[in-house]
Enquirer: 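Please find one structure pasted underneath; my questions will follow.
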There are 2 protein chains.
Amino acid sequence: MIFSGVTRSTELSISNRGLAYGDGVFETMRVHGGELPLWPRHLARLREGARRLGIGLPDPAFIEARIAEMIDGADAGVLKLLLTRGDGGRGYAPPVDAQPAWTVALHPLPPMANAGLRLHVCDMRLAIQPALAGIKHCNRLEQVLARGEVERAGCDEGLMRDSEGRVVSATAANLLAHRNGRWLTPPVVRCGVAGVLRGWLLAQGLVEEAELTPGEVEDADALALCNAVRGILPVSLLGARNWAAHPALTELQARLAMAYPMFSNPAVGA
Amino acid sequence: MIFSGVTRSTELSISNRGLAYGDGVFETMRVHGGELPLWPRHLARLREGARRLGIGLPDPAFIEARIAEMIDGADAGVLKLLLTRGDGGRGYAPPVDAQPAWTVALHPLPPMANAGLRLHVCDMRLAIQPALAGIKHCNRLEQVLARGEVERAGCDEGLMRDSEGRVVSATAANLLAHRNGRWLTPPVVRCGVAGVLRGWLLAQGLVEEAELTPGEVEDADALALCNAVRGILPVSLLGARNWAAHPALTELQARLAMAYPMFSNPAVGA
């Protein structure tokens, strides 16, 4: 499953299956001090996504060398890695001789909000598809359409439910709800993405998985979003509900910042 | 919503949202005698897909001129048209100033089976997502994975069910089942693609929409697949069930060939 990694920085063939069918996976990673502090977790998810889709994983050492070259000296930024099944055919059948193609691109760090996020409750639902749940594949029209709603509503992010009404996540972040003294996050086995930062929080025992209804989310003592680019961000508004700063959230942010200083955000955490 | 249509035949930017998120729609069309006999139906579906996804539709006259140029003198072939939201951003939010990008490519006609098709019953299900049902968008991982199953099973195509067990279609064709003297095809309002040839058959009153269970499909008097590249193809095997030639199928193929001679196939229809 090792391939000789072609990296192309400015173009990909129009017969690339990523373009034709979203036939690929990606990772969006925070660069800090010329490194990717969460790389092992990103690589693990990339590996799992490639396995689930049957895409050959390029030699990680080769990817790592190319990444190191690209982020060397970059104090801060966002690195996007895209792995597709490569070129092949007009039809859906994955070519037996497919040569996976991958590419990396470095982007500036997006502006970080220093106020709580306002969440729109999206009409767009996440379809239930266990075969694709958890991995960060490139079939993202649901998120694109949901994010369009968020923009039109003038909000910062959106709360997404699955087609049976369970709360799943935001459009580009996982959800953390503080209830009865515990931080909870919905499972991602039916749909949604297993966020890298969510995975770290679960592994540390700081957050637990739990099914959440929209009512339970609105009723939470504190609400936050997390992802591997922005860290943990407080939610200040959802529907009719407002939240002020909460000590449990300050504490959770502090725990994260201790392990990963790049996520220190005095304007939010202080 | 008209844009100045850029056609690039060999490359697209790696920041194209089709590549990043499958953020686009496509059409796969049969070329015959230097023309696209089903173009008006393809254009209608393209228009509907662009509308549903909020992608600006290029001026059809501009597309048509480019297509005419490309297929001029081509006696037979398959033309693929891909329309994406264009370049833009690292995030899911559709850029407000997105410049849609489209491309066309001409491929040889695939070999046409002259025996009945053997269908594999796919484990991979189609998720229920009304917001994306019917249109031919570029989020096709379900079909890619299902088609992988078909290949491994050594079959020609696959029968796909939705996540609640209803029969929907094949991986790249609609399904036609003959029961009680009528041709039936499942609805595509929850998932699946509204095939152009399926649309023509419905409009002619030759086929009706009906929910079908796997049992009802296995129990059909005749079974066929249809799409706009291959026409109507008989199914000879599904699970434990075999079908021989059926006069209702010969009749349906003849009706199609009368309207669209490109779909005459003596080896199948005779």
Side-chain angles (χ1 to χ4, degrees), chain A residues 8-24 26 28 52-54 78 80 82 84-85 89-94 96 103 105 107-108 110 123-132 137-148 150-151 163-164 171-172 190-191 229, chain B residues 8-24 26 28 52-54 78 80 82 84-85 89-94 96 103 105 107-108 110 123-132 137-148 150-151 163-164 171-172 190-191 229:
Chain A
R8 283 169 288 195
S9 58
T10 57
E11 62 187 74
L12 279 168
S13 157
I14 59 154
S15 61
N16 183 282
R17 296 175 58 92
L19 183 63
Y21 308 129
D23 194 0
F26 68 107
T28 309
R52 297 255 297 275
L53 301 185
V78 176
K80 178 164 174 175
L82 175 70
T84 73
R85 200 183 303 272
R90 202 185 42 70
Y92 294 131
V96 285
T103 180
H107 301 272
D123 287 330
M124 182 73 198
R125 302 295 184 104
L126 291 165
I128 293 173
Q129 177 50 279
L132 298 175
H137 59 71
C138 297
N139 277 200
R140 292 293 160 203
L141 278 172
E142 291 176 334
Q143 283 76 16
V144 170
L145 294 180
R147 186 67 215 194
V150 170
E151 302 289 309
S163 50
E164 293 172 354
T171 69
R190 298 181 195 92
C191 53
V229 168
Chain B
R8 283 169 287 193
S9 57
T10 57
E11 62 186 75
L12 279 169
S13 157
I14 58 154
S15 62
N16 184 283
R17 296 175 58 93
L19 182 64
Y21 308 129
D23 194 1
F26 68 109
T28 308
R52 297 256 296 275
L53 301 185
V78 175
K80 178 164 175 175
L82 175 69
T84 73
R85 201 183 303 271
R90 201 185 43 69
Y92 294 131
V96 286
T103 179
H107 300 273
D123 288 330
M124 182 73 200
R125 302 295 184 101
L126 292 165
I128 293 173
Q129 178 49 278
L132 298 174
H137 57 72
C138 296
N139 276 200
R140 292 293 161 203
L141 278 172
E142 291 175 335
Q143 283 76 17
V144 170
L145 294 179
R147 186 68 214 193
V150 170
E151 303 289 309
S163 50
E164 294 171 354
T171 70
R190 297 181 197 90
C191 53
V229 168

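Note that the structure is predicted; figures quoted are calculated from it, not measured. Note on naming: letters A, B, ... go to the chains in the order of the sequence lines (proteins, then strands), and numbering restarts at 1 for each one.
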Enquirer: Is there a side-chain contact between A/Glu142 and B/Leu132 (heavy atoms, below 4.5 Å)?
Expert: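 Yes, side chains in contact.
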Enquirer: Would you say B/Val144 and A/Leu53 make side-chain contact, with heavy atoms under 4.5 Å?
Expert: no
Enquirer: Would you mind checking which part of A/Leu141 comes under 4.5 Å of any heavy atom in chain B, side chain (CB onward), backbone (N, CA, C, O), both or neither?
Expert: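 Contact with chain B: backbone and side chain both.
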Enquirer: Would a 4.5 Å heavy-atom cut-off, applied to side chains only, mark B/Arg140 and A/Tyr92 as touching?
Expert: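 The answer is yes, as the side chains (C-beta and beyond) meet within the 4.5 Å cut-off.
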Enquirer: With a 4.5 Å cut-off on heavy-atom pairs, point out which of A/Gly22, A/Pro130, A/Gly24, A/Ala131 contacts chain B the most.
Expert: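 Option with the greatest count: A/Gly22.
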Enquirer: If every non-hydrogen atom of A/Lys80 is compared with every non-hydrogen atom of B/Ala20, which pair is closest and at what distance?
Expert: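 Scanning both residues, the minimum pair turns out to be NZ-CB, 3.7 Å.
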Enquirer: Which distance, rounded to the nearest 0.5 Å, do you find between the OG of B/Ser163 and the CZ of A/Arg190?
Expert: 12.0 Å
Enquirer: Where is the tightest heavy-atom contact between B/Cys138 and A/Asn139, given as atom of each residue plus distance?
Expert: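 Minimum heavy-atom separation between B/Cys138 and A/Asn139: O-ND2, 4.2 Å.
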Enquirer: Report yes if the side chains of A/Gln129 and B/Met124 come closer than 4.5 Å at any heavy-atom pair, otherwise no.
Expert: yes
Enquirer: So what's closer than 4.5 Å to chain B heavy atoms on A/Arg52: side chain, backbone, both or neither?
Expert: backbone
Enquirer: Given that the side chain runs from C-beta out, which part of A/Glu151 has a heavy atom under 4.5 Å from chain B: side chain, backbone, both or neither?
Expert: side chain
Enquirer: Report the distance from atom CG of A/Asn16 to atom CG of B/Leu19, rounding to the nearest 0.5 Å.
Expert: 5.5 Å
